[in-house]
Amino acid sequence: MSGHATIRRGKRPRGSVQPKRRRQARKPSLLSRTAALVPVAPETVQRATTWIVVTAVTCAGIATAFALGLPGMAGTALAEATGKAGFEVDRVEVTGIKRMDRLTVYAIALDQKSRAMPLVDLQRVRGELMQYGWIADARVSRRLPDTLVVDVVERSPAAVWQNQGRLALIDRGGVVLEDVSLSALPDLPLVVGPGANGQVASLESLLEAVPRIRPVLAGATWIGGRRWDLRFQSGETLALPEGDLAAKKALDRFATLDGSDRLLGRGFLRFDMRDPTRLVVRVDRNPKPIDAVQTDGTTAPVPAPMQAPREAPAPPDGGQLLRTSQTT
């Protein structure tokens, strides 16, 4: 026998052979499943996603630049260059001004840090103009290449308001337009007393209801925040009751009596109609007509502004329709 031994390996039993494992297919992501539902090519979806990311990064960069002030400086430099190229404020065109000083409007419009057209602050110009009583509204615009256009809506004076020694023009709403001097009073109704400026509309309504009174009226005093005392050009005073309706009725009755009995210009000092049942009259023994002709042939001047009288008590109940009292 040979000294070499041979070892034979037996064959693996058939049942011991292990089958190959199949790889499980990956489940599609939610984004892929959503894209599959949309009738758009996958390449288009990918490009859109890329643009979204790029846009977000760009916006973040722009926000950072604005935070550092870089675009503002670049924009200012560009605007200044535009101004030097001929787009610079050289003229101001103002419309709608009749009474307010035009030079004031020009000064406000031209008061700019830079006159380059893109840098003119239109809202600031309008805001400053609206601080003036004469101006009810204003519109400021550019007209290239070199003109600012200011369109003004001006208030109309309706009366002169006397309060605490000050005379001022006011409109129908009571807005103070400007101060006036005693020597330059316009031909407008004079209203006297605290809060009288806010009652111009009610006075106008009263005079519109009884138009015969307007030509002879010199002024009106707002008493106690409740009612009017009317002063006539002939010097008399008429005390009206509270309330618009009661005042209109009393004034209409007074105008009727004046038309039939000529109450004005006869030396009466004061008429009191606060009590609707009677007319109380106070007489001055030495009346001084205001409209008398002077020796030189000229008409006597208009009386000076009135002093607000103190509220007097209403006449007692009962009595005659006309009761007079005399004063020396």
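One-based numbering along the sequence shown. Predicted model, so just to flag it, every value in this text is computed and none were measured.
Of the candidates Leu188, Val175, Val176, Leu185, Leu169 forms a side-chain contact (heavy atoms from CB on, under 4.5 Å) with just one, namely Leu188.
In this structure, Arg91 and Leu148 have side chains that are not in contact, with every pair of non-hydrogen atoms separated by 4.5 Å or more. Between Arg212 and Thr256 the shortest side-chain heavy-atom distance falls below 4.5 Å. By the 4.5 Å heavy-atom criterion applied to side chains, Met273 and Leu238 are counted as neighbours. The closest side-chain heavy-atom distance from Val92 to Val150 is below 4.5 Å. You'll find the side chain of Thr237 stays beyond 4.5 Å of the side chain of Thr221, heavy atoms only. Counting heavy atoms from C-beta on, the side chains of Gln162 and Val191 never come closer than 4.5 Å. Proximity of Pro157 to Trp134: side-chain heavy atoms (C-beta onward) are separated by under 4.5 Å at one or more points. In this structure, Val152 and Thr95 have side chains that are not in contact, with every pair of non-hydrogen atoms separated by 4.5 Å or more.
Atom CG of Leu167 is separated from atom OG of Ser181 by 8.5 Å, given to the nearest 0.5 angstrom. Note that the CZ atom of Phe268 and the OG atom of Ser234 stand 11.0 Å from one another [nearest 0.5 Å]. Annotation: the span from Glu242 atom CD to Arg226 atom CZ amounts to 4.5 Å, rounded to 0.5 Å. Interatomic distance, CD1 of Ile170 versus CG of Leu177, reported as 8.0 Å (0.5 Å rounding). Atom CG of Leu207 sits about 8.5 Å away from atom CD1 of Ile213, to the nearest 0.5 Å.
Between the side chain of Arg126 and the main chain of Asp137, no donor-acceptor pair closer than 3.5 Å is present. Without hydrogens or angle criteria, Gln112 side chain to Val125 main chain gives no donor-acceptor distance under 3.5 Å. Using a distance-only test at 3.5 Å, with no hydrogens or angles considered, a donor-acceptor pair links the side chain of Asp258 to the main chain of Leu264. Of the possible polar contacts, none joining the Glu236 side chain to the Phe271 backbone as a donor-acceptor pair under 3.5 Å is found. Judged by distance alone, the side chain of Asp171 and the main-chain N or O of Gly173 form a donor-acceptor pair under 3.5 Å. Side chain of Arg155 to main chain of Ile135: a donor-acceptor pair is present (N/O by atom type, distance under 3.5 Å, no hydrogens or angles).
Classification of Asp244 and Arg227 as a salt-bridged pair fails, no side-chain N sitting under 4.0 Å from a carboxylate O. Under a 4.0 Å N-O distance rule, the pair Arg270/Asp229 qualifies as a salt bridge. Between Asp275 and Arg278 there is a salt bridge, since a side-chain N of the basic residue sits under 4.0 Å from a carboxylate O of the acidic one.
By the 6.0 Å contact criterion, CZ on Arg99 is enclosed, its count of non-hydrogen atoms from other residues, nucleotides or ligands being greater than 12.
What you find for Ser205 and Lys248 is that their closest heavy atoms are OG-NZ, 3.2 Å. In terms of heavy atoms, Asp179 sits closest to Arg166 at OD1-NE, 2.7 Å.
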Ignoring hydrogens and angles, write down the donor-acceptor pairs under 3.5 Å from the side chains of residues 100-109, residues two or more places apart or on other chains.
unit_1, atom_1, unit_2, atom_2, d
Asp101, OD1, Leu103, N, 3.2
Arg102, NH1, Val94, O, 3.3
Arg102, NH2, Ile97, O, 3.4

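Aromatic pair Phe232/Phe254: centroids less than 6.0 angstrom apart.
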